[in-house]
Trainee: 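This is the structure I have questions about; it appears just below.
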Amino acid sequence: MKKSFNSKFIHHYSWLINIVLVLVMVVAYIWALQGLKVDSALLKDSWPYIIDFISRLFPPDWKVVDIAIKGLIETVQMSLWGTSIGAIISLPIAIASANNIAPLWLRWLANLLQNAVRSVPSIILGLIFVAATGLGAPAGTLALSIYTVGYLAKFYQQAIEAVDARSLESLQVIGASRIQVVQYGIIPQVLPLGLGYTLWMFEYNIRAASVLGVVGAGGIGFQLKSYIDGFEYNKATTMMLVLLVVVTVIDVISSKLRRYLDSM
């Protein structure tokens, strides 16, 4: 009876609820804008400096293409290994976080672990592993692995929680253990979606690996920062253009693979 009353109330006053939501959003954006303390006069005067900096980036210096390709190969290698290691670690964490299979105490711990990992910026992870292993790709790969866990574990968790509950109940009725429920009821349904998420994360990690190069964690980002620090902007442009081409190609390929997996 109470549920029916609530449904009728929401139906009749949906327009009022929508207005309230819009007003709340407007107030939130006004509050956020005040916190930014935007100086319109300063923004207006900054355009010549922006244009001057962009003009220094061109024309690209194609003499460093071989260095860019070498750095990019290292970036892709870091992303491949970092994503794979992170995906392997993420799966048990996601299973432990899922509402439909894990007990409350385990879900609490697993979600706390996910939130802790996501709260650490990738740059900080890079600094930690550079301090542990020294400059180079190993530090970047380890940083990407942990960074990947923070996101893939959440994506996997949501995929697990979206599985058909009736199939899990059927397995439980016939006496299947928790491990068997995961093996035969969850993984077959989650696998295509999980692979799609993993491909997306691999593509994203190529960009993240480029950022990690700023702290000396290998990849094309290290060369990019070196050229910018040395005011060799034309060479930095070449690095960015090579990265743009490869990221675009990988995006096209991974998009097609994700569509294929979705069709499964």
Side-chain angles (χ1 to χ4, degrees), residues 74-163 182 186-187 189-222 224-225 243 246-247 250-251 254-255 257-258 261-262:
E74 187 176 64
T75 299
V76 173
Q77 291 169 336
M78 289 166 53
S79 179
L80 179 61
W81 273 102
T83 305
S84 300
I85 295 170
I88 293 169
I89 299 173
S90 296
L91 186 56
I93 296 175
I95 293 171
S97 306
N99 293 329
N100 50 349
I101 55 174
L104 179 61
W105 67 269
L106 186 58
R107 294 202 307 267
W108 189 87
L109 288 175
N111 280 292
L112 179 63
L113 178 60
Q114 287 189 40
N115 293 333
V117 172
R118 279 197 298 273
S119 67
V120 182
S122 59
I123 290 291
I124 301 301
L125 290 172
L127 286 171
I128 291 171
F129 286 109
V130 164
T133 65
L135 298 173
T141 303
L142 292 172
L144 285 178
S145 301
I146 304 303
Y147 184 73
T148 296
V149 170
Y151 291 91
L152 274 189
K154 190 65 176 179
F155 293 156
Y156 290 169
Q157 176 191 344
Q158 292 176 344
I160 291 170
E161 291 176 346
V163 301
V182 172
I186 293 178
I187 291 179
Q189 296 185 56
V190 171
L191 189 59
L193 188 59
L195 288 174
Y197 286 142
T198 306
L199 283 171
W200 177 87
M201 198 70 206
F202 167 68
E203 175 193 334
Y204 179 82
N205 275 344
I206 292 177
R207 301 180 182 90
S210 303
V211 175
L212 288 173
V214 173
V215 295
I220 196 172
F222 181 75
L224 180 61
K225 181 179 182 297
L243 181 62
V246 173
V247 167
I250 291 176
D251 176 57
S254 63
S255 295
L257 286 173
R258 285 196 298 269
L261 291 170
D262 289 340

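The analysis underlying the following values was restricted to heavy atoms, covering all of them including side chains, and did not include hydrogens, waters or symmetry mates. As the structure is a computational prediction, the values presented were derived from the model and not from experiment.
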Trainee: Any idea which heavy atoms bring Ala102 and Ala96 closest together, and the distance?
Mentor: CB-O, 3.2 Å
Trainee: Could you state the interatomic distance from CD1 (Ile85) to OG1 (Thr141), rounded to the nearest 0.5 Å?
Mentor: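 Ile85 CD1 to Thr141 OG1: 7.0 Å, rounded to 0.5 Å.
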Trainee: Using atom types as modelled and distance alone, determine if a side-chain donor or acceptor of Gln157 lies under 3.5 Å from a backbone N or O of Ala94.
Mentor: no
Trainee: With rounding to the nearest 0.5 angstrom, report the CG to CE distance, Leu212 to Met78.
Mentor: 6.0 Å
Trainee: Could you tell me which non-hydrogen atom of Val247 sits nearest to which non-hydrogen atom of Ile206, and how far apart they are?
Mentor: CG2-CG2, 4.0 Å
Trainee: How long is the span from the CD1 atom in Ile89 to the OG atom in Ser84, to the nearest 0.5 Å?
Mentor: 11.0 Å
Trainee: Yes or no on side chain to side chain contact (heavy atoms under 4.5 Å, CB included) for Phe202 and Ile250, after CA distance, side-chain angles and deciding distance?
Mentor: CA-CA 9 Å; Phe202 167 68; Ile250 291 176; 4.1 Å; yes
Trainee: Within this structure, what is the CE-OG distance for the pair Met201 and Ser90, rounded to the nearest 0.5 Å?
Mentor: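 Result: 8.5 Å between the selected atoms.
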Trainee: Under 3.5 Å, is there a donor-acceptor pair between the side chain of Thr148 and the main chain of Leu144?
Mentor: yes
Trainee: When you look at CZ of Phe129, are more than 12 heavy atoms from neighbouring residues, nucleotides or ligands closer to it than 6.0 Å?
Mentor: yes
Trainee: Can you confirm whether Trp200 is buried at CH2, in the sense that more than 12 heavy atoms of other residues, nucleotides or ligands lie under 6.0 Å from that atom?
Mentor: yes
Trainee: Keeping the roles fixed (side chain from Ser119, backbone from Ala116), state whether a donor-acceptor pair exists under 3.5 Å.
Mentor: yes
Trainee: Does the side chain of Tyr156 come under 3.5 Å of the side chain of Thr198 through a donor N or O and an acceptor N or O?
Mentor: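 Looking only at side-chain atoms, Thr198 and Tyr156 do form a donor-acceptor pair, the distance falling under 3.5 Å.
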Trainee: For Ala139 and Thr133, which heavy atoms make the closest approach, and how far apart are they?
Mentor: CB-OG1, 3.4 Å
Trainee: Do Lys154 and Asn111 have side-chain heavy atoms sitting under 4.5 Å apart?
Mentor: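 They are in side-chain contact.
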Trainee: Donor-acceptor check, side chain of Thr75 to backbone of Ser210, threshold 3.5 angstrom: yes or no?
Mentor: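 No.
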Trainee: Are Tyr197 and Tyr151 side-chain neighbours, meaning at least one heavy-atom pair lies under 4.5 Å?
Mentor: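 Of all side-chain heavy-atom pairs linking Tyr151 with Tyr197, none is under 4.5 Å.
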Trainee: Tell me whether the rings of Tyr147 and Tyr204 are parallel (<30°), tilted (30 to 60°) or perpendicular (>60°).
Mentor: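 Rings of Tyr147 and Tyr204: parallel, under 30°.
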Trainee: Is the backbone of Asp251 close enough, under 3.5 Å, to the side chain of Glu203 for a donor and an acceptor to pair up by distance?
Mentor: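 Judged by distance alone, no pair lies under 3.5 Å.
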Trainee: Ser97 side chain to Arg107 main-chain N or O, any donor-acceptor pair under 3.5 Å?
Mentor: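 Checked: no pair found.
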Trainee: What distance separates Leu195 CG from Leu191 CG, expressed to the nearest 0.5 Å?
Mentor: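 Result: 4.5 Å between the selected atoms.
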Trainee: As an exercise, state the distance from CG of Leu125 to CD1 of Ile146, rounded to the nearest 0.5 Å.
Mentor: 7.0 Å
